[in-house]
Amino acid sequence: MDLKVGVIGTGAIGIEHIKRINEKVQGAFVTAVSDINIEQAKNLASEIDAVFFEKGEELIASSDVDIVVVTSWDPTHEKYVLEAIKHKKYVFCEKPLATDSAGCKRIVDAEIAAGKKLVQVGFMRRYDRGYIELKQAIETKTFGEPLLLHCAHRNPTADKNYLTPMAIINTGIHEIDALRWLLQEDYVSAQMILPKQTSYTHEKLHDPQILILETTSGIHIDLEIFVNCQFGYDIKCDVVCETGEIGLEDPAYTHMKAKGKNYTKISPDWQTRFVEAYDYEFELWIRSIQAGEFAGPTAWDGYVAAVTMDACGKARETGEKTNIQLEACPALYK
């Protein structure tokens, strides 16, 4: 039987996910939507033959909804996820799970009290073919032990609403989760470097920034976050091992030769670069719920990412290396 999906938040990514569920993923369809932009959400509900709910809590409680997708404004994520747990409904929440580690911990505690993993966090890098192949090479020790990772997260432009802390909170958070998943190690310290700025930034955004992370076994990671690089959406991850290096390629299916040049295109945005990963993410989420074998990024993963994010913010403010301390992982997530 197809699962009935309620979507809270019908902005850009919410609409993308609605189309994904209704047009690409088997086993589910959207039956309800909610958004603070009432008129726009009502029109969307009419277009897709769904019910509109003015309040997200009403949508979650509805018998027309089996599972919930939260793509609303970041500060609302925690309350909607907690509400879904209260109703014992599976919930997919786009990152961040909550705006700080304390909020994530409240979600973890609620899920433990419920006695069942119900929450999946939208860390879609885990579903990208490139990252999956990197993980396979690391786990099989194709080139021995990983020693260093050189990474970059570059966006072509960022508007004036994008502020310095968002380099970690909204951008680097993807690498924080994906690299921990790749290596299967937690982080022990974070350091932030603020190098010379690009002339394309603004007074409230230091751009670029460099994050340095160390894992429990001593692997060092450097991550360049540059959100006004001008030339495209460029994601890099080079894993230096004992006898070789493994690195991501920007997916491109054609190359061009013209005017004395041989070149390939760079993805223009995140939707283009990771569209297949988003599709695969939702396909496996729906399939896992139907099979009763939940296996995606958990509330605990969201909590660990938030603790790391908080440490990065402290490191940027103090200019010093900051230790990262986690509570023991609860049995539910082992």
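We number each residue from 1, following the sequence as shown.
- L183 CG to T215 OG1: the interatomic distance, rounded to the nearest 0.5 Å, is 6.0 Å.
- For the pair D207 and K196, the salt-bridge criterion is not met [side-chain N within less than 4.0 Å of a carboxylate O].
- The backbone N or O of T99 sits nowhere less than 3.5 Å from a side-chain atom of H77 that would complete a donor-acceptor pair.
- For CD of E54, the number of neighbouring non-hydrogen atoms (other residues, nucleotides, ligands) closer than 6.0 Å is 12 at most.
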For this session: Check step by step if side chain to side chain contact (heavy atoms under 4.5 Å, CB included) holds for L149 and D222.
Result: CA-CA 6 Å; L149 274 69; D222 58 81; over 6 Å; no
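- For K42, the NZ atom counts as loosely surrounded, since its 6.0 Å shell holds 12 or fewer non-hydrogen atoms of other residues, nucleotides or ligands.
- Side-chain atoms of T243 come within 3.5 Å of backbone atoms of F143 as a donor-acceptor pair (strictly under, hydrogens ignored).
- No hydrogens or angles considered: a donor-acceptor pair under 3.5 Å links the side chains of E175 and H153.
- No more than 12 heavy atoms of other residues, nucleotides or ligands shown are found within 6.0 angstrom of CD on E249.
- Judged by distance alone, the side chain of K4 and the main-chain N or O of V30 form no donor-acceptor pair under 3.5 Å.
- By the 6.0 Å contact criterion, CZ on F294 is enclosed, its count of non-hydrogen atoms from other residues, nucleotides or ligands being greater than 12.
- Using cut-offs of 30° and 60° on the angle between ring planes, the pair Y303 and W300 is tilted.
- With values rounded to the nearest 0.5 angstrom, S189 atom OG is found 6.5 Å from I324 atom CD1.
- At least one side-chain heavy atom of P330 sits under 4.5 Å from a side-chain heavy atom of I112.
- A centroid separation of 6.0 Å or more is found between the aromatic rings of W270 and Y233.
- Under 4.0 Å is where a charged nitrogen must lie from a carboxylate oxygen, and between D177 and R126 at least one such pair does.
- With T171 contributing its side chain and I168 its backbone, the two residues share no donor-acceptor pair below 3.5 Å.
- For Y278, the OH atom is densely surrounded, since the number of other residues' heavy atoms within 6.0 Å is greater than 12.
- Ion pairing between E283 and R287 holds under the 4.0 Å rule for side-chain N and carboxylate O.
- For Y127 and F274, the distance between ring centers is not under 6.0 angstrom.
- In this structure, V69 and I21 have side chains that are in contact, with non-hydrogen atoms separated by less than 4.5 Å.
- The existence of a salt bridge linking R273 and D250 is confirmed by a sub-4.0 Å separation between a basic side-chain nitrogen and an acidic carboxylate oxygen.
- Judged by distance alone, with hydrogens and angles left aside, the side-chain atoms of T76 form a donor-acceptor pair with the main-chain N or O of W73 at under 3.5 Å.
- A distance-only check finds a donor-acceptor pair linking the side chain of H202 to the backbone of K204 [under 3.5 Å].
- T10 and Q40 are linked by a side-chain donor-acceptor pair at a separation below 3.5 angstrom, with hydrogens and angles left out of the test.
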For this session: Report the C-alpha distance between K86 and E83 in whole Å, list the side-chain angles of each, state the deciding distance to 0.1 Å, and finish with yes or no for salt bridge (charged side-chain N to carboxylate O under 4.0 Å, His left out).
Result: CA-CA 5 Å; K86 186 175 79 173; E83 191 72 13; 3.2 Å; yes
Enumerate, atom names and distances included, each donor-acceptor pair closer than 3.5 Å involving a side-chain atom of residues 11-18, sequence neighbours excluded.
{"residue": "H17", "atom": "ND1", "partner": "R20", "partner atom": "NH1", "Å": "2.9"}
{"residue": "H17", "atom": "NE2", "partner": "E94", "partner atom": "OE2", "Å": "2.7"}

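- Screening R129, K24, K19 for a salt bridge (Lys or Arg N to Asp or Glu O under 4.0 Å) involving D279 leaves a single residue, K24.
- Under the 4.5 Å side-chain criterion, counting only non-hydrogen atoms from C-beta, L82 is not in contact with Y80.
- When the shell of 6.0 Å around CD of Q325 is examined, it contains 12 or fewer heavy atoms from other residues, nucleotides or ligands.
- Looking only at distances, a side-chain donor or acceptor of H206 sits under 3.5 Å from a matching main-chain atom of P195.
- From I225, atom CD1 reaches atom CE of M166 across 12.5 Å, with rounding to the nearest 0.5 Å.
- Considering V227, D234, D269, I235 as possible partners of N155, the one that fulfils the side chain to side chain contact (heavy atoms under 4.5 Å, CB included) test is V227.
- Taking 4.0 Å as the cut-off between side-chain N and carboxylate O, K314 and E317 do not count as a salt-bridged pair.
- Between the side chains of D238 and H150, no donor N or O sits under 3.5 Å from an acceptor N or O.
- At distances below 3.5 Å, at least one donor-acceptor pair connects side-chain atoms of K89 with backbone N or O atoms of V65.
- The distance from the CD atom of Q290 to the CG atom of D66 is 10.5 Å, given to the nearest 0.5 Å.
- The CG atom of L147 sits 7.5 Å away from the CD1 atom of I219 when rounded to the nearest 0.5 Å.
- A side-chain donor-acceptor contact under 3.5 Å links S217 and E185.
- In this structure, S101 contributes its side chain and A306 its backbone to no donor-acceptor pair below 3.5 Å.
- I36 CD1: 12 or fewer foreign heavy atoms inside a 6.0 Å radius.
- Within a 6.0 Å radius of CD in Q197, more than 12 heavy atoms belonging to other residues, nucleotides or ligands are found.
- Residues K116 and Y90 have side chains that bring a donor and an acceptor to within less than 3.5 angstrom of each other.
- Side chains of T298 and D301: a donor-acceptor N/O pair is present below 3.5 angstrom, by distance only.
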If you look only at distance, which donor and acceptor atoms sit under 3.5 Å apart when one is on a side chain in residues 257-264 and the other is two or more places apart or in another chain?
none

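- Side chain of S62 to main chain of E58: no donor-acceptor pair is present (N/O by atom type, distance under 3.5 Å, no hydrogens or angles).
- In terms of hydrophobic clustering, with Ile, Leu, Val, Met, Phe, Trp and Tyr side chains grouped at heavy-atom distances under 4.5 Å, I176 and W181 are assigned to a common cluster.
- Looking only at side-chain heavy atoms (C-beta outward), V119 and I85 come within less than 4.5 Å of each other.
- No salt bridge links E111 with K117; every basic N to acidic carboxylate O contact stays at or beyond 4.0 Å.
- If you chain together hydrophobic residues whose side chains sit under 4.5 Å apart, I193 and L211 never meet in one group.
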